[in-house]
2 protein chains.
Amino acid sequence: MNTPYHNNQEFLSHISIDSVVFGFHENELKVLLLELKDLEKYALPGGFVKKDETIEDAASRILKWRTGLDEIFLQQFKVFSSPDRSKDNPTIPIIKSLIPNIDISFYNDRFISIGFFALVEYTLVNPNPDELSIKCEWVNIDDAKNVIIDHSDIINGALEALRIQLNYSPIGYNLLPQKFTMPELQKLYETILGKQLDRRNFQRKILSYNILNRLDEKRVGVAHKSPYLYEFDLENYQKALENGLKSGW
Amino acid sequence: MNTPYHNNQEFLSHISIDSVVFGFHENELKVLLLELKDLEKYALPGGFVKKDETIEDAASRILKWRTGLDEIFLQQFKVFSSPDRSKDNPTIPIIKSLIPNIDISFYNDRFISIGFFALVEYTLVNPNPDELSIKCEWVNIDDAKNVIIDHSDIINGALEALRIQLNYSPIGYNLLPQKFTMPELQKLYETILGKQLDRRNFQRKILSYNILNRLDEKRVGVAHKSPYLYEFDLENYQKALENGLKSGW
DNA sequence: ACAAAAGTGTTATGTCTACACCCATGG
DNA sequence: CCATGGGTGTAGACATAACACTTTTGT
């Protein structure tokens, strides 16, 4: 079988992409990580840029392979370029042992990595490991610690970018299932921000954007009072994206 | 004389840097552009990344060469990667004609460009052209039109990033001389944002950040009532940078 | 019936907006 | 002395923060 790692001559040298894929499940913010073979370390899903595609197309292609999803919300947020990051990359021995005849010089070069973050609906993802990894799985963001190279910096940078993004666009649409409750949306915000928010003030503020429709349905089978279900009002949601949520200056 | 264009084997292939250097003068927002030889086109100051430096160091080195300034406020904001951007790069013929024996294949490769924006104090800059350009000069941002490749996109992206930055940090420090008046600071904000602001509300908001000291001096020799001079309170300014200006959520 | 969570409302506080007035300066 | 811009203040609209009561559900 041909994998991306064989055909390194179709990629641009020195440039890689690493994506922090965020998902939300059971009130926890998760990140998609690969567990590498023979190491007890994790890595971000990443890859390289083909000679005729944009970095956005590359990130999209890579994540389609990892998650099965088309049309992922993706955003570049920072380039990571420390010269040290290319030293002692623990995936190189794995590649060498798995593909003995490979031209390893491509991987031994210095790489500058473009960081993307992605927002996906947890339940739609089919995590798919590659030949370097034993598994691809969701990890709670607080537990995403034992990672290679500077991937910890990349994760932190992505979270920071996500927090800023929260002030400019209504993030929930990409992370939640179609129907969701107000407390679920609030938990999402609280988890991203890492702080508690007032229930009533949160609801008022979110509703003031006019991007949610309350349905005539409630979440049943849950303990205590049944909360209403909401969905995003796509038309107003698009408008809100164009105008931006905050004025600032 | 040896210039960067000769020694292309010391650079990473496929990766370039383009910087949008903002300055503020006579109530206008300016951008530093190079006028290319034999073309009636302008280009952003840019360059390549050495094999052992970060992109931030590269951007800093390149701008030191162009402006004479150390310690420039610099921030990466976006990577530009359209495959088309490497076709018909009008600087390649110039390089070829100026340096006949050069290995042009480096420049003929596809380049992905990392966009930075820089904020500098206009009066401190000594614009310095390179061998490809007849001059390096300040151009009003509205007149920065006749530029090569996608440099127009890069300028627009930088301006957008600067506008967002305005909500997170007090920009004026890097763009204004040490002493300045409130109307000057306001004009800077108005120019960046492209809209008028209320004089009194602006002053109140800026002062509420507690990052300015009003001096016992006024600008003299100017028509009408003499405005007070202000300077940044560096201690509080640093604090404000750490905490961020806006809470948002 | 009770505990726990959800729906809804109120009040105080602060921030933003839109103005009006007086003052100083150069012409 | 006057036109122009700068310094300062204030009232209303609006947003935010803090908090209380009622309702619904599963147990």
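- Listed nucleotides: D:dG6, C:dC19, C:dT8. Nearest to the side chain of B:P183: D:dG6.
- Distances from the side chain of A:P227 to the nucleotides C:dG7, D:dG7, D:dA18 place C:dG7 closest.
- Closest to the side chain of A:K225, from the set C:dG7, C:dT8, D:dT8, is C:dG7.
- Between A:Y173 and A:F232, the distance separating the two ring centers is shorter than 6.0 angstrom.
- Comparing C:dC21, C:dC16, D:dT25 against the side chain of B:R199 picks out C:dC21 as the nearest.
- The aromatic rings of B:Y168 and A:Y168 are tilted relative to each other, their planes meeting at an angle between 30° and 60°.
- Of the candidates D:dC19, C:dA5, C:dC23, D:dC19 carries the atom nearest the A:N201 side chain, counting heavy atoms from C-beta on.
- Taking CZ from A:R66 and CG from A:L44, the interatomic distance works out to 11.0 Å, rounded to the nearest 0.5 Å.
- At the phosphate of D:dG7, neither OP1 nor OP2 sits under 4.0 Å from any side-chain N or O atom of B:R219.
- Checked against C:dA5, C:dT8, C:dG26, the side chain of B:A223 finds its nearest nucleotide in C:dG26.
- Closest contact between the side chain of A:H224 and the listed nucleotides C:dA4, D:dA18, D:dG6 involves C:dA4.
- Checking D:dT8, D:dC19, C:dA18 against every side-chain atom of B:R204, the shortest atom distance belongs to C:dA18.
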